[in-house]
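These values consider heavy atoms only, across backbone and side chains, with no hydrogens, waters or symmetry-generated copies. Proteins get letters first, then strands, A, B, ... in listed order; numbering begins at 1 in each.
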Amino acid sequence: MNADRLARPAEEVAPELLGAVLTHETAEGTVSVLVTETEAYSGTADPASHAYRGRTPRNAVMFGPAGHLYVYRSHGLHWCANIVTGTDGVASAVLIRAGRVIGGEDLARSRRGPKVEDPRLARGPGNFCQALGITAEHNGADLLTGAGVTLSGGEPVPAARIRVGPRVGVSRAHDWQHRFYLAGDPTVSAYRLSPRAESPDRARSPRRRAT
DNA sequence: CGGGGGATTGTT
DNA sequence: ACAATCCCCCGA
């Protein structure tokens, strides 16, 4: 993967990362996943981005150069991985939401559990990280060095197979069309509207909280 | 320094 | 619809 391709805004890079392959090599073995679903987070300009309120210890990696991994813990349970994009000093990142395991299936299943069906091994951002064995220790990892977690281009995806939609689960700016996925692919996660999604017109919703 | 809440997941 | 479960970050 060329660093220059990543040195652009997340919303431009996100659809191009479909079909790319993330590989994690450990002593236990190697797992490779072909990316089938991404979401763009546009840094300080994006109310849903962790970088929206500026640089903090947690989100610092997003402000660095492209091609590194930004890993954060979600809901105290799961790890989620972003590929940092954009130029150094400007926060921008693409959340990897799902993929298809194309190598090291046995290892991936040993991490995810024996009952998990193939398409679900890396379906959802938390499951994706679990299948690949990505944790906090990989926060800031350089994906272009060829060691540990690496990113490669993979097969180009025909534009006709790419779909765009609103982001999953975010409460703010949930209608931004920043989610990209492969049409009809069973490894793509299901869409969920956040229960807190702020709606400009809530008149149709009978259940409004009295504050 | 206390507490609300989240880029989730799997089950009820 | 909800719990599990950590910790970031805002406001005081």
**Item:** Basic-acidic side-chain contact under 4.0 Å: A/Arg100, A/Asp118
**Value:** no
**Prompt:** Below 3.5 Å, does any donor atom in the side chain of A/Arg196 face an acceptor in the base of B/dG4, or the other way round?
**Reply:** no
**Request:** Would you indicate which nucleotide in B/dT8, C/dC9, B/dA7 comes nearest to any side-chain atom of A/Pro57?
**Result:** C/dC9
**Request:** Report the distance from atom NE2 of A/His78 to atom P of C/dC8, rounded to the nearest whole Å.
**Result:** 17 Å
**Asked** So which nucleotide from B/dA7, C/dC10, C/dC9 ends up closest to the side chain of A/Arg53?
**Response** C/dC10
**Request:** Report yes or no: is the ring centroid of A/Tyr72 under 5.5 Å from the six-membered base ring centroid of B/dA7, with the two planes under 30 degrees?
**Result:** no
**Message:** Once you apply a heavy-atom cut-off of 4.0 Å, does A/Ser194 come out as touching a base, just sugar-phosphate, or nothing?
**Reply:** nothing
**Item:** Candidate nucleotides C/dC10, B/dT8, C/dC9, ranked by approach to the side chain of A/Ser74 - the nearest
**Value:** B/dT8
**Atom-to-atom span, CG of A/Leu193 to C1' of B/dA7 - whole angstrom** = 14 Å
**Asked** Which listed nucleotide (C/dC9, B/dT9, C/dA4) is nearest to the side chain of A/His75?
**Response** C/dA4
**Item:** Exam field: side chain A/Glu39 to backbone A/Val94, donor-acceptor pair closer than 3.5 Å
**Value:** no
**Message:** Measure CZ/A/Arg58 against P/B/dG6 and give the value in whole Å, please.
**Reply:** 12 Å
**Prompt:** Are any of A/Arg120's side-chain N or O atoms less than 4.0 Å away from OP1 or OP2 of B/dG10?
**Reply:** no
**Message:** From CZ of A/Arg172 over to P of B/dA7, roughly how many Å is that when rounded to an integer?
**Reply:** 8 Å
**Asked** Looking at C/dA4, C/dC10, B/dA7, which one has an atom nearest to any side-chain atom of A/Leu77?
**Response** C/dA4
**Atom-pair distance (OH on A/Tyr52; P on B/dG6), nearest Å** = 15 Å
**Message:** Quick check on DNA chain B: between A/Gly124 and A/Ser171, whose nearest nucleotide comes earlier from the 5' end?
**Reply:** A/Ser171
**Item:** B/dG5 to C/dA12 separation - P atoms, rounded to the nearest Å
**Value:** 14 Å
**Request:** First locate atom CE of A/Met62, then atom CG of A/Asn82, and finally report the distance between them rounded to the nearest 0.5 Å.
**Result:** 6.5 Å
**Prompt:** Any salt bridge between A/Asp185 and A/Arg123, counting N to O under 4.0 Å?
**Reply:** no
**Fill in**
Out of B/dA7, C/dC9, B/dG10, minimum distance to the side chain of A/Arg112 belongs to B/dG10
**Item:** Interatomic distance, A/Asn139 CG vs C/dC6 P [rounded to whole Å]
**Value:** 19 Å
**Message:** Students often get this wrong, so: under 4.0 angstrom with heavy atoms, is A/Asn82 touching a base, only sugar-phosphate, or nothing?
**Reply:** base
**Request:** Searching all strands shown, indicate the nucleotide that pairs with C/dT5 (Watson-Crick or G-U wobble; both distances under 3.5 Å).
**Result:** none
**Request:** Can you establish whether the number of heavy atoms outside A/Asn2 located under 6.0 Å from its atom CG is more than 12?
**Result:** yes
**Request:** Determine the interatomic distance between P on C/dT5 and the same-named atom on B/dG2; round to the nearest Å.
**Result:** 23 Å
**Message:** In this structure, how many angstroms lie between the C1' atom of B/dG6 and the CD atom of A/Glu39, rounded?
**Reply:** 14 Å
**Request:** Looking at every strand, decide which applies to A/Arg167 at a 4.0 Å heavy-atom threshold: base, sugar-phosphate, or nothing.
**Result:** nothing
**Request:** Take the protein atom OH of A/Tyr191 and the nucleotide atom P of B/dA7, then report the distance between them rounded to whole Å.
**Result:** 13 Å
**Prompt:** Between CG of A/Leu69 and SG of A/Cys129, what distance do you get to the nearest 0.5 Å?
**Reply:** 7.5 Å
